[in-house]
Number of protein chains: 2
Amino acid sequence: MSLAHAILTALNERPSSGLELARRFDRSIGYFWPATHQQIYRELRDLERDGLIVEVADGGGRGGKRTYAILEEGRDELRRWIAAAEDPKHIKDSLMVRVRASSSLGGDLLPEIRRHREIHARQLAEYEAIEKRDFQGALSEIRRRQYLVLQWGLHLQKARLDWADAAIEQLETLSASRGEGPIAQDPMIHDPKGTS
Amino acid sequence: MSLAHAILTALNERPSSGLELARRFDRSIGYFWPATHQQIYRELRDLERDGLIVEVADGGGRGGKRTYAILEEGRDELRRWIAAAEDPKHIKDSLMVRVRASSSLGGDLLPEIRRHREIHARQLAEYEAIEKRDFQGALSEIRRRQYLVLQWGLHLQKARLDWADAAIEQLETLSASRGEGPIAQDPMIHDPKGTS
DNA sequence: GGAGCCATGTAACCCGTTACATGATTAC
DNA sequence: GTAATCATGTAACGGGTTACATGGCTCC
């Protein structure tokens with residue numbers, strides 16, 4: 001239920017058209033709430049219908065640029081949402097499921113983990129470049145809060161990188177001691193309490 | 001597209017009924033691929049239709065327990081999927097969007113961040129308990145791979161905890177120096193290159 | 001025979017994904 | 001005038017969420 005709120009946040013910073021929002025979502029806000037232009041257009045329609053935003057400087061329908069701005073009702077809704085309690089969502093991570101699957105089925109995950117390692121290293125470098133470029137020296141309060149968001153990105157990518165490095169090391173020493181192949185014939189795994 | 005694979009992974013470890021799977025998904029596998037019983041029943045139906053699993057020890061329809069086991073075709077599909085390249089998915093994090101929103105709208109996020117801190121501290125403690133209980137001393141290869149998955153859980157919760165602690169500290173020193181309330185009257189924010 | 005739980009299932013809705021369609025503007 | 005790009009939009013599908021329905025078993 002929060003693509004709407006992410007869009008309200010973006011429009012609260014600056015009135016924008018759908019495509020401008022889509023492009024802004026490729027960076028900054030989109031790092032933590034990605035969205036395609038199709039989703040954004042649908043949501044803009046709904047937000048306008050609900051009276052939280054308005055179209056300004058109308059430029060007609062298909063093909064013409066439509067710029068939207070947030071209304072006071074939209075800010076009210078944003079304030080309400082900021083203050084609301086909302087638990088962190090569980091993260092889906094197919095790589096972890098595959099590691100788990102490989103523990104009973106075998107298979108060489110090293111190339112894939114190395115590939116992910118590089119992706120996270122690149123993302124980390126990108127965040128660090130943003131940090132150097134935009135968050136040096138004395139910061140306004142607004143900027144300091146934006147910095148907090150970037151800091152989470154840095155933390156997350158570092159954690160992924162650390163995990164990948166540890167995993168690569170552990171799997172290399174494992175595969176050095178034997179040839180690859182299925183690890184277990186028996187599908188049952190060791191599970192002392194039957195609660196796995 | 002990988003709830004099916006998560007279920008195949010679970011069934012490869014041990015044949016199970018729908019509800020047993022749902023319960024197993026509340027722990028272990030479900031930490032990285034959560035699923036409700038409704039999803040699981042739907043997926044079991046489709047997997048059986050596609051010939052990747054079979055019902056064994058049939059107990060009739062509504063109200064009777066149905067136990068499923070993986071077929072060799074299911075294992076083939078799992079092997080194929082383990083080896084396939086699949087990029088890490090972007091993570092949606094509504095707390096980060098709210099921090100960003102609060103940077104132009106104001107609002108006190110400290111209570112919410114403290115609440116999240118406690119949730120992550122509890123989850124970390126849970127993972128550490130599992131580590132102590134199940135991953136001490138010499139480990140089989142199977143168990144070592146399962147340990148890798150747990151290690152990612154530990155990394156992730158530690159990163160969240162660290163971020164929360166840093167955020168709490170920074171926001172406390174900020175709010176100590178002024179009263180709460182909107183930070184900016186002007187919805188436009190500082191954005192040197194217009195690329196935020 | 002009713003309360004509570006185990007177990008499977010249906011239905012409606014929302015959101016995200018993918019593929020495609022169409023109009024407007026600019027560059028040559 | 002046509003190709004490329006900007007910009008908005010439609011349609012179909014699939015997965016996840018929530019609420020609810022139903023049958024069977026056990027305990028008292």
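Every chain is numbered from 1, with letters handed out A, B, ... down the list of sequences.
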Any ion pair linking A:Arg79 and A:Glu72 (charged N to carboxylate O, less than 4.0 Å)?
-> yes
When rounded to whole Å, the NE2 to C1' distance for the pair B:His5 and D:dG15 reads 15 Å
Inspect the contact between B:Asp93 and B:Arg160 and indicate whether a charged nitrogen and a carboxylate oxygen are less than 4.0 angstrom apart.
-> yes
Examine distances only and state if a side-chain atom of B:Trp163 and a backbone atom of A:Leu148 form a donor-acceptor pair shorter than 3.5 Å.
-> yes
Decide, yes or no, whether a salt bridge links A:Glu77 with A:Arg80 under the criterion of side-chain N to carboxylate O below 4.0 Å.
-> yes
What orientation do B:Phe135 and B:Tyr147 show, parallel under 30°, tilted 30 to 60°, or perpendicular over 60°?
-> parallel
Nearest-Å distance, CD (A:Glu20) to C1' (D:dT8)?
-> 13 Å
Any side-chain N or O of A:Arg23 under 4.0 Å from OP1/OP2 of D:dA7?
-> yes
Which nucleotide sits closest to the side chain of B:Thr36: C:dT8, D:dT17, C:dG16?
-> D:dT17
Does A:Arg42 make a side-chain donor-acceptor contact with the base of C:dG16, cut-off 3.5 Å?
-> yes
Closest listed nucleotide, where the reference is the side chain of A:Lys92 and the choices are C:dG9, D:dC6, D:dG16 = D:dG16
Counting distance only, does the side-chain N/O of B:Gln157 pair as donor-acceptor with the main-chain N or O of B:Leu154 below 3.5 Å?
-> no
Closest to the A:Gln39 side chain, choosing from D:dT17, D:dC6, C:dG16 | C:dG16
In whole Å, what is the span from the CZ atom of A:Arg66 to the P atom of C:dG23?
-> 15 Å
Whole angstrom is fine here: how far is it from NZ in B:Lys65 over to P in C:dG9?
-> 14 Å
Starting at the 5' end of DNA chain C, which residue's closest nucleotide do you reach first, A:His37 or A:Leu3?
-> A:Leu3
To the nearest angstrom, how far is B:Tyr41 atom OH from D:dG15 atom C1'?
-> 19 Å
Atom-to-atom span, CG of A:Leu19 to P of D:dT8 - whole angstrom | 6 Å
In whole angstrom, what separates B:Lys89's NZ from C:dG16's C1'?
-> 11 Å
Stretch residues 44-53 of chain A: residues that reach within less than 4.0 Å of DNA chain C through a heavy atom = none
Pairing of B:Arg23 and B:Glu20 as salt bridge, 4.0 angstrom limit = no
Rounded distance (Å) that lies between atom C1' of C:dG9 and atom OH of B:Tyr68 = 11 Å
5'-most by nearest nucleotide on DNA chain D - B:Gln38 or B:Glu43 | B:Glu43
